[in-house]
Amino acid sequence: MNPDRDKTRVVVTGMGTVNALASCVPDFAAALRRGDSGIGPVTLFDTSAFRTHTGGEVRGFAGPQAVPQGFRLKRASRADRMAFAAALEALKDARLYPFPEELRRDTGVGIGGGAGGMLEAEEVFRRHLFRGAGHAPFSRLSSLYCAATADLLTDRLGLAGPKAALMTACSSSATAIGLARDFVRDGLARVMLAGGTEPLCRITYSAFNALQAVDPLHCRPFDRRRRGLSLGEAAAFLVLESLPHARERGATIYGEVLGYGVTGDAHHMTAPDAEASGAIRAMTAALEDAGLPPEAVNYVNAHGTATPANDAMETKALKAVFGRRAYRIPASSTKSMTGHTLGASGALEAVVSLLAIRHAFLPPTIHLSEADPACDLDYVAQQARPARISVVLSNAFAFGGNNTTLVFGRYVPEGIAHA
Amino acid sequence: MPERVVITGIGIVSPLGSDNDAFFRQLCAGASGIAPIDAFDTAGFPAHRAALVRGFEARDHISLKNLRRMDRLSQMATAAARLALGDAGIAVGPANRDRIGILIGTAFGPTDVIVQYARTLFTKGPAFVNPILVPNTVMNAPAGHASIELGFRGINSTVNQHAVSAEAAIAYAVAEIRNRRADALLAGGAEIVSPFLFESLLRFRALSPQDGEPEGSRPFDRRRNGFVLGEGCGILCLESLASARRRGAAPYAEIAGCGWAGGPCSPSDWPRAPEGAILAMSRALSAAAIPPSLVDVCQAAANGSATLDAMEARALEGVFGGEAPPAIFSLKGALGECFSSGGLRAAAQAMALSRGEIPPTAGLREAITRLPVVQDAPRRQPLTWGLLNGISFGGSFVSLVLKRATGEAVPS
């Protein structure tokens, strides 16, 4: 044990989620092991005029009932409510709910957002267009931007620590988790609630269809016949804490946030750089930040959107980072089950990574029946497998060329890098 | 030992132009960029004024090939980024591009494109939306476009956090440089005014005029009645002191400390309780390892909103209520409330420290606080330490401590 080093270590002591597969973490774990598909018909809005009609919709989400009344979320958006449900699950899981008074000052929120309250804002746009400004319910715009979710969380829980809201499309909540981990590591907070939320909405749904990036049925990551992604919605939160603090209060430790890397492609606004430089550098930077060599990794939770471009690029990147050993490191896309949850995907897939570590299994890439010859790694096709996992790399590659990679590890008292 | 972080370049696109020196001189002369809005029709509205960007020709700064793919917000951000790199004397190339990045804040993002997209979607249907618009509807479009135009491939991220977006992006960038994750980072914020944004803020009764008072931006004034919207982009080039020294670059100022806080607040309201602001200021001062008594000047977030200005005055009195309080000023009477143009304010702060001159608070006649608010004329005095506040509705607080660069940074 090294007390000086331990002070800079950040662990995960609670998790929460709402997504197309489940409304809580235990059910999510079970669904991932079974290889359930969360992709089905979208019912949240009428998709008849859209090119495609399926997605990873959160089903049976009780909305107002999902969050205790005392939180007064009346004007909150779907994204806010999903976030609250996931955040409260994480806090309860961490045994930090009701939130302890003595921790409020040093606890903050880091959120990665996406469309935020856009589903509700669409109604404002429509009425403004068709019935005039006087009939547009402008108050529904109050939750449009993702910072509103962070504001609601800090206000209702009484938190005074650092608050940050990032929006980098598909890498938002991955970066938010990295930043939150830095806040704890650098002593600006003792506890951070870090995560993301993303609703399905017409604007997002139409945007990806306009780019012809959506598979009409369901996504098939790494498959030869893949045609694009499946959009999904979700919220996911982690409770991050300094290791000494977690030990002091006897918290359950799910794993450790070992490091992260953030880079830019500087190439194209929607297409990844085929040379994979940005992805390679993000993974390399993350491993360097974690103080680990590539050999330490035993599972990759891929970005794996199932677009023709991403999956080929990501495979290339994995081979560049891991060399020949890439063929022996399982890399699955759980977007095959949850859909691509955009702003929430980093946080959702962080939960997946930590569940894989905790429950010793490799989540599968479902719907992968015939791999693309350019994608010839072990993607854990169709079925989950048991495996002892100590280090997971989780990738998020976004529009604008924003790349973030997170490294999670099994909690080991002396630290994985020094074990 | 963490690195020390300095500002070696400033790039601005503002209602007072894009020339750093002219920008600062105009601020000191009490000029204001607030004027009647000519970019769109305000006939049916109670408000008609804003601080809009003037004299900005995107093609002076951006290649035609990339320009035609960019929305207005991205154009401004990319131009300011290029100006900041130029001011810093940094040429991006294969040897350094992976260690140079960007961290931008924007509160509302490309609302012009979002509304245009929504209009087509809801009036004509999904088959008619233009896919070319899609990448420009996201908050991280400006940072993406800037990196493509200028070629840097390091850290690239976007803060989307109301009126502290730029301050938070700067604080985030400071931390990344301290942690040696980048050699240089372009950090700041960008905002555009659009008709829908203007109308929405009117509906939220956030804009002046209110309460029968005349329209205008009057930070800390007894007759303030809401803020006047502004737009613009301010980007700082941040580097480690070591990197600046190696290059022989003379910094404007050092960013010596940053403080972040949350506080009780209703989501679409300015905060009423001063705790969050006091905490952010205290944390920033503590990070800079200086007591409040050493602060020479404090740039306030005050923008003419009834609640915000009153709260901040109390918070400032709480932190500085001792014997020799710093001079206080706000630039939002000159620049409007630009939300994420906190980069512009940080740029002005760096120049103020470097020149020993504090611009007056345009729009202020009768202050609501006994603290020494600079008004009517600039104040010239030697300045070493400056504090800058960012405060957003919804309750985010980010404060930055800047220190004038002394001769030490310039190698012999």
Side-chain angles (χ1 to χ4, degrees), chain A residues 49-51 105 108-109 113 122 125-126 129 133 138 141-143 145-148 150-152 154-155 158-169 175 179 182-183 186 188 202-203 206-207 209-212 262-270 277-278 281 285 289 398-402, chain B residues 69 97-98 101-102 107-108 115 117-119 121-123 125-127 129-131 134-135 137-141 143-145 147-148 151-162 168 172 175 179 181 199-200 203-204 260-268 275-276 279 283 392 394-396:
Chain A
F50 292 88
R51 240 183 98 242
R105 209 179 132 99
V109 172
E122 287 170 352
F125 293 140
R126 275 150 51 123
L129 284 166
F138 279 90
L141 294 176
S142 63
S143 230
Y145 293 94
C146 63
D151 294 339
L152 280 169
T154 50
D155 180 66
L159 306 178
K163 173 173 26 168
L166 306 178
M167 200 294 176
T168 55
T175 317
L179 178 59
D182 283 352
F183 281 141
D186 298 340
L188 278 75
R202 300 164 188 84
I203 284 182
S206 66
N209 270 302
L211 291 175
Q212 314 234 354
V262 177
T263 65
D265 276 1
H267 172 73
H268 190 274
M269 289 302 284
T270 50
S277 163
R281 288 180 295 107
D289 191 41
F399 272 8
N402 292 124
Chain B
R69 290 183 201 168
R97 64 183 172 173
D98 291 347
I102 189 163
F108 302 110
V115 167
Y117 184 93
R119 182 177 294 123
L121 176 64
F122 295 125
T123 55
V129 295
N130 184 353
V134 171
T137 58
V138 290
M139 301 297 124
N140 53 319
H145 280 298
S147 70
I148 292 170
F152 45 80
R153 310 193 312 179
I155 293 168
N156 190 314
S157 205
T158 298
V159 178
N160 185 215
Q161 200 169 345
H162 306 313
Y172 182 3
N179 289 320
R181 291 206 186 104
E199 185 180 355
S200 303
R203 288 291 173 148
F204 276 91
W260 303 68
C265 189
S266 166
S268 16
E275 283 84 14
L279 202 46
R283 285 172 173 163
S392 72
S396 286

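Keep in mind that the numbers below use all heavy atoms, side chains included, and drop hydrogens, waters and symmetry copies. To find a chain, count down the sequence lines: A is the first, B the second, and so on, and within it residues start at 1.
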>> side chain to side chain contact (heavy atoms under 4.5 Å, CB included), that's the test. Do B:Arg181 and A:Val262 meet it? Break it down for me.
In response: CA-CA 9 Å; B:Arg181 291 206 186 104; A:Val262 177; over 6 Å; no
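- Contact annotation for A:Ala150: neither backbone nor side-chain heavy atoms come within less than 4.5 Å of a heavy atom of chain B.
- Atom CG of B:Leu121 and atom CZ of A:Phe50 lie 5.5 Å apart (nearest 0.5 Å).
- For B:Ala168, no part lies under 4.5 angstrom from a heavy atom of chain A.
- Note that CG of A:Leu188 and CZ of B:Arg283 are 7.5 Å apart. Values are rounded to the nearest 0.5 Å.
- Counting all heavy atoms, side chain and backbone alike, A:Asp155 lies closest to B:Cys265 at OD1-N, 2.8 Å.
- Checked by atom type and distance alone, the side chain of B:Asn160 never pairs as donor or acceptor with a backbone atom of A:Tyr145 at under 3.5 Å.
- Side-chain N or O atoms of B:Tyr172 include none that pairs as donor or acceptor with a backbone N or O of A:Leu179 at under 3.5 Å.
- For B:Ala107, the part sitting under 4.5 Å from any heavy atom of chain A is the backbone (N, CA, C, O) and nothing else.
- For the side chain to side chain contact (heavy atoms under 4.5 Å, CB included) with A:Leu166, the lone residue among B:Thr158, B:Asn140, B:Val159 that qualifies is B:Val159.
- Of the inter-residue distances, the one linking B:Phe122 atom CZ with A:Arg202 atom CZ reads 6.0 Å to the nearest 0.5 angstrom.
- Not counting sequence neighbours, the partners of B:Arg69 by the side chain to side chain contact (heavy atoms under 4.5 Å, CB included) test are B:His145.
- Here the closest heavy-atom approach between residue B:Gly262 and residue A:Lys163 is recorded as CA-CE, 4.2 Å.
- Here B:Phe204 and A:Phe138 keep their ring centres 6.0 angstrom or further from each other.
- A:Ser143 does not touch chain B: none of its heavy atoms, backbone or side chain, sits under 4.5 Å away.
- Using a 4.5 Å cut-off between heavy atoms, A:Thr270 touches chain B through its side chain atoms alone.
- Smallest separation of non-hydrogen atoms from A:Ala49 and B:Pro126: O-CG, 3.4 Å.
- Counting heavy atoms of neighbouring residues, nucleotides and ligands inside a 6.0 Å radius, atom CZ of B:Arg119 does not exceed 12 of them.
- A:Ala285 pairs by the side chain to side chain contact (heavy atoms under 4.5 Å, CB included) definition with nothing, not counting sequence neighbours.
- Proximity to chain B (any heavy atom under 4.5 Å) is shown, for A:Gln212, by neither the backbone nor the side chain.
- With contacts defined as side-chain heavy-atom distances shorter than 4.5 Å, the pair B:Asn179/A:Asp186 qualifies.
- Between the side chain of B:Asn156 and the backbone N or O of A:Asp265, no donor-acceptor pair lies under 3.5 Å.
- Residues B:Pro267 and A:Leu152 share a closest heavy-atom pair of CG-CD2, 3.4 Å.
- Interface remark: of the candidates A:Cys146, A:Gly108, A:Gly400, A:Ala164, A:Ala164 forms the most heavy-atom pairs closer than 4.5 Å to chain B.
- Judged purely by atom type and a 3.5 angstrom limit, A:Arg281 uses its side chain to pair as donor or acceptor with the backbone of B:Arg153.
- Heavy atoms of A:Ile203 lying under 4.5 Å from chain B belong to its backbone as well as its side chain.
- Taken from NE2 in B:His162 to CG in A:Asp151, the straight-line distance is 4.5 Å, to the nearest 0.5 Å.
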>> Run the side chain to side chain contact (heavy atoms under 4.5 Å, CB included) test on B:Leu279 and A:Arg105 for me, step by step, so that the C-alpha distance in whole Å, both residues' side-chain angles and the decisive distance to 0.1 Å come before the verdict.
In response: CA-CA 9 Å; B:Leu279 202 46; A:Arg105 209 179 132 99; 3.3 Å; yes
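- Contact tally against chain A (heavy-atom pairs below 4.5 Å) for B:Gly125, B:Gly101, B:Gly276, B:Ser157: the top residue is B:Ser157.
- B:Pro135 and A:Met269 get closest at one heavy-atom pair: CB-CB, 3.8 Å.
- Residues A:Ala266 and B:Ser147 approach most closely at CB-O, 3.3 Å, considering heavy atoms.
- Side chain of B:Gln161 to main chain of A:Ala165: a donor-acceptor pair is present (N/O by atom type, distance under 3.5 Å, no hydrogens or angles).
- Your options are A:Gly158, A:Ala148, A:Ala210, A:Gly113, and the one with the most heavy-atom pairs under 4.5 Å with chain B is A:Ala210.
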